[in-house]
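First comes the structure, then the notes that go with it.
Letters A, B, ... mirror the listed sequences (proteins, then strands); counts begin at 1. Note that the structure is a prediction, hence the values are computed from the model and not measured. Just the heavy atoms: all of them, side chains too, but no hydrogens, waters or symmetry mates, feed the values below.
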Amino acid sequence: MKKISLKDIAALAGVSPSTVSFVLNGKEKQMRISEDLANKVRAVATKEGYKPNQVAVSLRTGQSKILGLIVESIGGNFFGALAKVIEKEADKNGYRIVYCSTENDPVKGREMLRMLSNSQVDGYMITPVNGMEKDVLELVKAKKPVVLIDGYFPDIPAPYVLVNNLAGVTQGMNHLIAKGYSKIGFVTVDIELVQIREREQAYLAALKKHKLGASRKLILTLEYNYDKEAGVKAICKFIKDHPELDAIFFATYYLGISGLQSIQDLKLRIPKDL
DNA sequence: GCTCATCATGAACGACGGGT
DNA sequence: ACCCGTCGTTCATGATGAGC
């Protein structure tokens, strides 16, 4: 069976295609189309199960009503929850989301950007990875709508939405310090992301502010894609090498999980020993 | 003859294929 | 090598008829 087009509906209803278009797009008032005719057109369209040809709509309007979302990873709590909200808001406004991930690989990030571009998406939401600067800049130069999420490029004039890394870490540190801990370690990763750097800076700033001797000696930096076991071992060694530690701050939730494993392996008790 | 309501006409969108 | 029609849809503009 042939796909029913707007023209078919028009022929069946005995009106012109434009009339059908206006009615189905809710512009019958604006176009002064009588209520009776509008109802008739709607009835025919529903009966025939008419669905607009999105390719043609895009061709005509220049809009795809699709937004591209590039996140760090599709799995995981943070980006999963984020995507859910974004999808919901997009849906409210008649947009759909194409969803892909970079795994913090700039090559893959660029590949995804090109894919989205070829798919004619109307806008981009991107969690930036170092190495994507040129491509993002190109989008901005081309006046494409771009929003960066959970990170930004200082030199690129694109709007961004961030977690308040500074306030979050500061609040956490203040809590530990208020509880009387003074030898606080910091475990982070060596990835070049602004949010990670900000967290480390906030950690150091908190120590400095409370005159607890801000130094890098109590900072452990793991490789970003650290092996699970190796990471746990490294944290164990870090704790053993620094017996003066009475508290540890983990820069990310996955580091925290590894850290809990390490602490358990060392048979230390929380919060008695650490 | 004029105004208003009501609906139709036709061009345009971008890429591709077929015809000269 | 170039032009032109094709797809389905949208929208500015035009056309028709009714009522005064």
Side-chain angles (χ1 to χ4, degrees), chain A residues 1-71 74 83-102 106-129 131-149 153 156-159:
Chain A
M1 217 229 290
K2 190 175 162 293
K3 182 89 174 144
I4 297 133
S5 76
L6 180 141
K7 281 182 186 170
D8 300 329
I9 302 298
L12 288 169
V15 298
S16 80
S18 58
T19 304
V20 179
S21 174
F22 287 132
V23 170
L24 265 39
N25 288 315
K27 295 182 178 173
E28 76 257 27
K29 289 275 188 298
Q30 186 183 327
M31 284 299 125
R32 317 158 177 282
I33 290 167
S34 65
E35 197 59 34
D36 285 353
L37 190 70
N39 285 333
K40 183 179 173 189
V41 168
R42 270 189 288 266
V44 174
T46 319
K47 180 167 169 290
E48 301 297 327
Y50 168 71
K51 293 269 176 288
N53 183 325
Q54 280 306 322
V55 177
V57 175
S58 295
L59 173 62
R60 175 60 226 228
T61 63
Q63 291 192 328
S64 62
K65 290 283 174 184
I66 297 175
L67 300 176
L69 173 60
I70 300 182
V71 297
I74 298 233
K84 198 172 172 184
V85 177
I86 288 174
E87 204 161 15
K88 199 171 144 198
E89 284 300 313
D91 187 57
K92 269 190 210 164
N93 294 281
Y95 279 85
R96 309 193 61 188
I97 302 291
V98 175
Y99 191 18
C100 44
S101 64
T102 62
V107 176
K108 190 158 182 224
R110 284 203 294 270
E111 200 176 295
M112 290 300 130
L113 265 187
R114 229 162 287 142
M115 185 274 287
L116 291 176
S117 174
N118 289 338
S119 319
Q120 313 286 339
V121 299
D122 289 346
Y124 301 81
M125 291 169 283
I126 306 166
T127 63
V129 184
M132 286 178 69
E133 289 91 339
K134 286 155 299 205
D135 306 85
V136 173
L137 187 57
E138 266 181 38
L139 287 178
V140 174
K141 275 186 179 165
K143 303 231 181 300
K144 302 281 183 189
V146 177
V147 175
L148 302 180
I149 304 171
F153 297 124
I156 297 180

Check: Are A:Arg110 and A:Glu133 ion-paired here, with the side-chain N under 4.0 Å from a carboxylate O?
Finding: no
Next item on the list: For salt bridge (Lys or Arg N to Asp or Glu O under 4.0 Å), just list the numbers for A:Glu89 and A:Lys92, CA-CA rounded to whole Å, side-chain angles, deciding distance to a tenth of an Å, and then say yes or no.
Entry: CA-CA 5 Å; A:Glu89 284 300 313; A:Lys92 269 190 210 164; 3.0 Å; yes
Margin query: If you count every heavy atom of other residues, nucleotides or ligands that lies below 6.0 Å from A:Lys65 atom NZ, does the total exceed 12?
Written below: yes
Checklist line | A:Asp91 side-chain N/O to A:Glu87 backbone N/O, donor-acceptor pair under 3.5 Å | finding: no
Notebook entry, point to check: In whole Å, what is the span from the CG atom of A:Asn25 to the P atom of C:dT10?
Noted result: 5 Å
Margin query: Nearest whole Å is fine: how far is C:dT10 C1' from A:Ile9 CD1?
Written below: 16 Å
Checklist line | A:Ser18 side chain, from C-beta outward: closest of C:dG8, B:dA8, C:dT9 | finding: B:dA8
Item checked: Spacing between A:Asp122 atom CG and B:dC13 atom P, to the nearest angstrom -> 18 Å
Notebook entry, point to check: How close or far is atom P of C:dC11 from atom CZ of A:Arg60, stated in whole angstroms?
Noted result: 7 Å
Next item on the list: Could you tell me the separation between the CD1 atom of A:Ile4 and the P atom of C:dG8, rounded to a whole number of Å?
Entry: 12 Å
Note to self: Give the residues of residues 27-46 of chain A touching DNA chain C, defined as any heavy atom closer than 4.0 Å, sorted by residue number.
What the structure shows: A:Lys27
Check: Between A:Gln63 (CD) and B:dA12 (P), how many Å, whole number?
Finding: 21 Å
Notebook entry, point to check: How long is the line joining CZ of A:Phe22 and C1' of C:dT10, in whole Å?
Noted result: 7 Å
Margin query: Nearest to the side chain of A:Thr19, heavy atoms from C-beta on, is which of C:dG8, B:dC7, C:dC11?
Written below: B:dC7
Check: Do the non-hydrogen side-chain atoms of A:Leu24 and A:Tyr50 ever get within less than 4.5 Å of each other?
Finding: yes
Next item on the list: Considering just the side-chain nitrogens and oxygens of A:Thr61, establish if one lies under 4.0 Å of OP1 or OP2 belonging to C:dT10.
Entry: no
Check: Minimum heavy-atom separation for A:Arg42 to A:Thr46, with atom names?
Finding: O-OG1, 2.5 Å
Check: What nucleic acid atoms does A:Val15 come within less than 4.0 Å of, heavy atoms only: base, sugar-phosphate, or nothing?
Finding: sugar-phosphate
Check: Is the shortest side-chain N/O distance from A:Asn53 to OP1 or OP2 of C:dC7 below 4.0 Å?
Finding: no
Check: For the atom pair CD (A:Glu138) and NZ (A:Lys144), what is the distance rounded to the nearest 0.5 Å?
Finding: 11.5 Å
Notebook entry, point to check: Can a side chain N or O of A:Ser5 be found less than 4.0 Å away from OP1 or OP2 on C:dG8?
Noted result: no
Next item on the list: Calculate the interatomic distance between A:Lys7 atom NZ and B:dT9 atom P; express it in whole Å.
Entry: 13 Å
